[in-house]
Structure formats: structure tokens, C-alpha cells
Asks: 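Encoded as C-alpha cells, here's the structure I'll be asking about.
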Number of protein chains: 2
Amino acid sequence: MTKTLDRRVRKTRAQLRTGLAKLMQEKSVREITVKELVDAVDINRSTFYLHYSDIYQMLDSIEAELEAEIMEAIQTHPLNPVDKDTSPFVEQFFIILEENQDICRALLGPHGDMTFVANIEKIIAENVMNKDVSLSNKNVLDIAYASAFCLSGCVGLIKTWLNGTLKESPHHMAELTHTLITHTTREFVVRAAIITQ
Amino acid sequence: MTKTLDRRVRKTRAQLRTGLAKLMQEKSVREITVKELVDAVDINRSTFYLHYSDIYQMLDSIEAELEAEIMEAIQTHPLNPVDKDTSPFVEQFFIILEENQDICRALLGPHGDMTFVANIEKIIAENVMNKDVSLSNKNVLDIAYASAFCLSGCVGLIKTWLNGTLKESPHHMAELTHTLITHTTREFVVRAAIITQ
DNA sequence: TCTATTACTAGACATGATGTTGATTTTCTT
DNA sequence: AAGAAAATCAACATCATGTCTAGTAATAGA
């Protein structure tokens with residue numbers, strides 16, 4: 001299944017990836033040319049095309065790898081331990097972000113890719129929100145807004161963490177995530193219930 | 001100061017703007033060429049260059065206009081009425097979004113521009129958060145995370161609203177914004193205070 | 001260590017979007 | 001109605017693009 005890649009391939013792709021992450025800190029993807037990227041990391045232009053068809057397909061490919069890694073973490077880490085305030089998956093999620101911090105910072109930064117953000121939000125929505133928070137089905141509409149609020153809120157949390165010194169541990173961040181989600185949503189639901197009485 | 005633009009200019013720019021918003025629903029800005037855009041709205045390519053230097057500068061220009069409109073709303077609408085649960089500015093903010101819904105949907109959508117999102121967040125941070133929520137200065141660090149959570153959360157709220165039927169009034173959304181921010185932050189601060197005792 | 005395989009490099013090529021210019025026509029303002 | 005401003009049209013050099021072929025270097029496996 002997981003065929004081991006040639007060392008040269010690993011090296012080349014890693015160089016390209018690092019170079020792209022760096023360029024994305026400076027400018028929009030649109031302004032980044034293949035020529036510019038390969039010049040920056042000193043790789044032949046032909047070599048780029050052996051791996052990717054263009055910059056955008058390269059980004060898609062990297063994003064797909066990250067998302068696959070996250071999805072795999074879901075399989076191997078329990079989502080809902082009844083005795084804890086946080087799930088091992090969420091913690092693992094932050095670990096993955098930390099391991100790929102350069103490209104994640106780029107993807108979530110000002111010149112980042114909102115498709116990636118949307119995918120991340122979707123993963124969180126399906127694997128953290130619903131399981132983690134028990135939503136009543138009253139005020140369905142405003143609760144949908146509250147969910148969206150939390151969802152984007154989590155992304156903001158991640159961005160802030162990645163752009164800081166990363167001194168908080170993944171475990172601490174997982175707890176913080178849990179705290180913010182439950183407080184925001186539960187409090188909101190309670191208040192909504194009172195109002196509609 | 002505000003010189004009235006020639007009708008032809010208004011018409012051309014509106015066409016280009018509408019066309020760009022439509023194309024951005026389908027594909028990434030990177031894949032949108034000047035040629036493609038002018039063909040779509042049946043305008044000569046030379047004409048495009050009379051107004052903008054390239055697609056990206058066009059986006060910047062549109063974003064700057066939106067941001068200017070929002071900043072102006074700050075000047076003309078009170079931020080902090082003591083007697084109300086919401087500020088007229090926030091409501092006006094939603095009205096502006098609604099008036100420019102096509103381009104805003106595009107800018108905040110999957111093929112959107114994270115620079116714009118960042119700018120919007122900055123405006124909210126400086127004009128809503130600090131004024132609206134009284135943050136204690138204990139747990140400065142985690143509170144920074146809570147602020148980031150709310151900030152991105154507001155963007156999520158807006159995105160959900162724009163992508164729905166917009167049946168909620170700007171006033172209702174302003175109240176919802178206030179509710180979510182205060183509850184999330186205050187509850188978090190209270191809990192943090194208890195924990196650190 | 002040797003060998004077959006695979007990845008990378010180098011150079012050339014046609015293609016097409018780009019950005020610019022100058023001449024002309026259309027449309028607006030007053 | 002007349003002058004001003006904007007939009008059109010055609011032509012141009014430029015440059016990144018994507019593709020190819022032949023040659024070189026590095027790797028994995030025996």
C-alpha cells in the first residue's frame with residue numbers, strides 16, 4: 001500500500017514544498033511562477049513537471065496529503081473518551097499541525113487557500129463538533145450560526161497558535177478548543193431556550 | 001472630494017466586478033485570466049487595462065473600496081450605545097455586506113482572498129471586540145486565543161449568512177454577533193478566573 | 001560491488017496570455 | 001451641438017508555459 005518513495009523524490013518534493021511555503025509568505029499563489037519556485041530551490045524546471053502539472057495542482061496535492069494524515073489520525077485516535085475533557089484526536093490534530101507548521105502557516109495565512117480552510121472546517125465539523133457538543137434541536141437556525149461561529153473560531157485558534165511561538169502544548173490547545181466550543185455553544189443554547197419561553 | 005464617475009466607467013467596472021464575482025465562484029483567482037474575464041462580460045481587453053493593471057490589482061481595488069465603505073460606517077454610526085445590546089455600526093456592517101453580497105460571497109468563499117478576510121477581522125477586532133467586550137487582564141495568553149476564536153467566529157457567522165437565504169435581518173445578525181461574542185468571552189474569562197484561583 | 005532502474009538535468013520548441021501602443025470610433029457631459 | 005473622455009481594434013514584443021528528447025547522475029536491490 002504505502003510504497004516507499006525514492007530518496008531523490010522525497011528530497012525534491014520536500015525542497016519544492018519548503019520553497020513554496022516560503023514564497024507564500026511573501027506573495028499570492030497567483031504571482032508565484034513555476035520558474036520562480038524552481039529557481040528559488042535550485043531545481044530544474046523539467047523536474048517540477050515530473051511531479052506536478054502546475055503550482056495549483058502542487059498545492060492540491062500537498063493539501064490532500066495533509067488531509068489524509070488528519071483523516072488517518074481519526075482512525076487511530078478515539079474521538080470521545082467519556083472520562084476526559086478532550087479527545088486524543090484533537091490533540092493529535094494539533095501535533096500534525098505542528099509537524100507541518102511551515103506549510104500550514106502558509107496555507108492558513110494571508111496568502112493561503114480558503115479551500116483548504118474549508119476542508120479543515122469540514123473535518124472539524126464532522127469529527128469534533130457533533131460528537132463533542134450535544135445540540136438541542138430547538139432554535140435550529142440560530143444554532144447553525146453558533147456552530148459556524150465555533151467552526152471558524154477553531155480555525156482562528158489554530159492560526160493564532162501557528163503564528164505564535166507554539167509554546168502551548170498540543171494537549172493544552174486541545175483543552176482550550178474543548179472549553180471554547182462547549183462554553184460558546186451550551187451557553188448559547190441555554191440562553192436561546194430561555195428567550196423562546 | 002467624491003468626484004462623480006462617468007456613467008461608462010461605472011458601467012464597465014460594474015460589469016467587470018460582476019464577472020469576476022461569478023468566475024470566482026467557479027475557480028481560483030489564479031486560474032482566471034484577463035482575457036477570460038473580458039470575454040465573459042464582452043468588454044475589450046484594452047479597456048480592462050485602462051482601469052486595472054491585472055486581476056489581482058483589480059481585486060485589491062475592490063477590496064479597498066469595501067473596506068473604505070466599512071470604515072466610513074464607523075464614522076457615522078455609534079459604536080457603543082450604553083442602552084442597547086448591539087451597536088448600530090455592526091448592523092450597518094451587515095447591511096453593507098448585503099448590498100455587496102455577490103462580491104463578498106466570492107471574497108469569503110472557497111476561492112476567496114484570505115487577505116481580505118484578515119482585513120475584515122482586523123476591523124472587527126479594533127472596532128467591535130475591544131469596545132464590546134470587557135476583557136480582564138488575567139490569563140492574557142489564553143484570552144488572546146479566545147479573542148482570536150471570536151474574531152474568526154464572526155467571519156464564519158458572516159459566511160454562513162451570505163451563503164444562506166439572507167432571511168435574517170442585519171439587525172438580528174448584529175444581535176447574534178453580540179450574543180456570541182459576549183457569551184464566549186465572558187464565560188471563558190469567568191471560568192479561567194475560577195481555574196487559576 | 002555491480003547493474004538495471006529510475007530520477008534529475010539540459011536545451012530546444014511552439015504556444016498563448018500578457019502588457020503596451022497608436023489610431024479610430026463611440027458615448028458622455030455640459 | 002461640440003469638446004472631452006472612454007471604449008474599441010489591431011498589432012507588437014515578451015515571457016512563462018508545457019512538452020519533448022537526449023544525456024547524466026543517483027538509487028535500490030542482488
Side-chain angles (χ1 to χ4, degrees), chain A residues 1-65 103 106 111 113 115, chain B residues 1-65 103 106 111 113 115:
Chain A
M1 196 70 203
T2 315
K3 45 187 163 188
T4 309
L5 287 171
D6 192 304
R7 180 195 298 166
R8 289 168 294 181
V9 175
R10 288 198 306 272
K11 193 176 157 190
T12 299
R13 292 193 184 165
Q15 277 181 281
L16 287 172
R17 179 168 153 164
T18 304
L20 184 60
K22 189 168 290 180
L23 285 176
M24 282 181 72
Q25 296 291 349
E26 302 164 17
K27 58 171 74 176
S28 158
V29 184
R30 167 164 228 276
E31 302 167 288
I32 299 174
T33 66
V34 173
K35 179 172 162 45
E36 186 179 16
L37 174 57
V38 297
D39 284 351
V41 296
D42 197 32
I43 279 185
N44 194 280
R45 196 163 62 85
S46 296
T47 305
F48 176 91
Y49 289 108
L50 289 177
H51 296 274
Y52 310 107
S53 59
D54 58 36
I55 297 276
Y56 239 78
Q57 189 269 319
M58 176 184 172
L59 252 190
D60 286 346
S61 177
I62 292 175
E63 290 173 13
E65 284 174 33
I103 194 70
H111 304 299
D113 180 6
T115 305
Chain B
M1 197 66 204
T2 314
K3 45 186 163 189
T4 309
L5 287 172
D6 193 304
R7 179 195 298 168
R8 291 167 295 182
V9 174
R10 288 199 307 271
K11 193 177 156 191
T12 298
R13 291 192 184 166
Q15 278 180 279
L16 287 173
R17 179 168 153 164
T18 303
L20 184 60
K22 190 167 290 180
L23 285 176
M24 281 181 72
Q25 297 291 348
E26 302 163 17
K27 57 172 73 178
S28 158
V29 185
R30 166 164 230 275
E31 302 167 288
I32 299 173
T33 66
V34 173
K35 179 172 163 43
E36 186 179 17
L37 173 58
V38 295
D39 284 352
V41 296
D42 196 32
I43 279 185
N44 194 280
R45 196 162 62 85
S46 295
T47 306
F48 176 90
Y49 289 108
L50 289 177
H51 296 274
Y52 310 107
S53 58
D54 58 36
I55 297 275
Y56 241 77
Q57 189 269 319
M58 177 183 171
L59 254 190
D60 286 346
S61 177
I62 291 174
E63 291 174 13
E65 284 173 33
I103 195 71
H111 304 298
D113 181 6
T115 306

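Order of the sequence lines fixes the chain letters, A, B, ..., with proteins taken first and strands second; residue numbering starts at 1 for each chain. Values below: all heavy atoms of this structure, side chains included; hydrogens, waters and symmetry mates excluded. From a predicted model like this one, the values you see are computed outputs, not experimental measurements.
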Asks: Answer with yes or no whether A:Ser46 presents, from its side chain, a donor or acceptor under 3.5 Å of a partner atom in the base of C:dC8.
Replies: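 It does not, because no donor-acceptor pair links the side chain of A:Ser46 to the base of C:dC8 below 3.5 Å.
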Asks: Please test A:Ile32 against A:His111 for side chain to side chain contact (heavy atoms under 4.5 Å, CB included), starting from the C-alpha separation and ending with a verdict.
Replies: CA-CA 11 Å; A:Ile32 299 174; A:His111 304 299; over 6 Å; no
Asks: Between A:Asn44 and C:dA10, does any side-chain N or O lie under 4.0 Å from OP1 or OP2?
Replies: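 Answer is yes, contact under 4.0 Å.
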Asks: Name the closest nucleotide to the B:His51 side chain, picking from C:dG19, D:dA7, D:dT27.
Replies: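 When the side chain of B:His51 is considered, D:dA7 is the closest of C:dG19, D:dA7, D:dT27.
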Asks: How close do A:His51 and A:Gln57 get, counting heavy atoms only, and between which atoms?
Replies: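 Closest pair (atom of A:His51, atom of A:Gln57, distance): O-OE1, 4.3 Å.
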Asks: Atom OH of B:Tyr49 to atom P of D:dA10: distance rounded to whole Å?
Replies: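 Checked: the OH to P distance equals 17 Å.
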Asks: Show, in sequence, the C-alpha distance, side-chain angles and deciding distance for A:Thr18 and A:Gln15, and conclude whether the side chain to side chain contact (heavy atoms under 4.5 Å, CB included) test is met.
Replies: CA-CA 5 Å; A:Thr18 304; A:Gln15 277 181 281; 5.9 Å; no
Asks: Rounding to an integer number of Å, can you tell me how far A:Lys35 NZ sits from C:dA10 P?
Replies: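 Value for this atom pair: 13 Å.
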Asks: Bend angle of the helix from C:dT1-D:dA30 to C:dT30-D:dA1 from five-pair axes at both ends, rounded to 10°?
Replies: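 Taking the rotation axis at each end, their angle is 60°.
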Asks: Does the side chain of A:Ser61 pick up a donor-acceptor pair with the side chain of A:Tyr52 at under 3.5 Å?
Replies: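 On atom types as modelled, these side chains do not qualify, holding no pair under 3.5 Å.
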Asks: Report the distance from atom CD1 of B:Ile55 to atom P of C:dA17, rounded to the nearest whole Å.
Replies: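 About 13 Å, once rounded to whole Å.
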Asks: Strictly below 4.0 Å, N to O, side chains only: are A:Lys27 and A:Glu36 in salt-bridge contact?
Replies: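 So A:Lys27 pairs with A:Glu36 through a salt bridge.
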Asks: Assess the residue pair A:Val29 and A:Leu59 against the criterion (side chain to side chain contact (heavy atoms under 4.5 Å, CB included)); give the C-alpha distance rounded to whole Å, side-chain angles, the decisive distance to 0.1 Å, and a yes or no.
Replies: CA-CA 9 Å; A:Val29 184; A:Leu59 252 190; 4.0 Å; yes
Asks: When the nearest nucleotide of DNA chain C is assigned to B:Asp6 and to B:Ser53 on a heavy-atom basis, which residue is associated with the more 5' position?
Replies: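 Final value for this comparison: B:Ser53.
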Asks: In whole Å, I'd like the distance from the CZ atom of B:Arg7 to the P atom of C:dT30.
Replies: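 Rounding to the nearest Å, CZ of B:Arg7 and P of C:dT30 are 11 Å apart.
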Asks: What's the shortest heavy-atom distance between B:Phe48 and B:Leu37, and which atoms?
Replies: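 That closest heavy-atom pairing would be CE1-CD2, 4.0 Å.
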Asks: Apply the test side chain to side chain contact (heavy atoms under 4.5 Å, CB included) to residues A:Leu20 and A:Ile55: give CA-CA distance (whole Å), side-chain angles for both, the deciding distance (0.1 Å), then the verdict.
Replies: CA-CA 9 Å; A:Leu20 184 60; A:Ile55 297 276; 4.2 Å; yes
Asks: Just to be sure I understand the rule, does B:Arg8 reach a base, reach only the sugar-phosphate, or reach nothing, if contact means heavy atoms closer than 4.0 Å?
Replies: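 Since a base atom lies under 4.0 Å of B:Arg8, the category is base.
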Asks: Could you state the CZ-C1' distance from A:Arg45 to D:dT17, rounded to the nearest angstrom?
Replies: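 One finds 6 Å between C1' of D:dT17 and CZ of A:Arg45, rounded.
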Asks: Check for a donor-acceptor pair, side chain of A:Arg10 on one end and backbone N or O of A:Leu5 on the other, with a separation under 3.5 Å.
Replies: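 It does hold such a pair.
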Asks: May I have the distance from A:Asp54 (atom CG) to D:dT17 (atom P), rounded to whole angstrom?
Replies: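 Answer to the nearest Å: 9 Å.
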Asks: Could you tell me the separation between the CG atom of A:Leu50 and the P atom of D:dC20, rounded to a whole number of Å?
Replies: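 Between P of D:dC20 and CG of A:Leu50: 12 Å.
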Asks: Expressed in angstrom and rounded to an integer, what is the separation of B:Phe48 atom CZ from C:dT18 atom C1'?
Replies: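 Spelled out: CZ on B:Phe48 to C1' on C:dT18 is 11 Å.
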Asks: Please list, in numerical order, the residues of residues 10-32 of chain A that have a heavy atom closer than 4.0 Å to any atom of DNA chain D.
Replies: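 Within this stretch, nothing sits under 4.0 Å of the strand.
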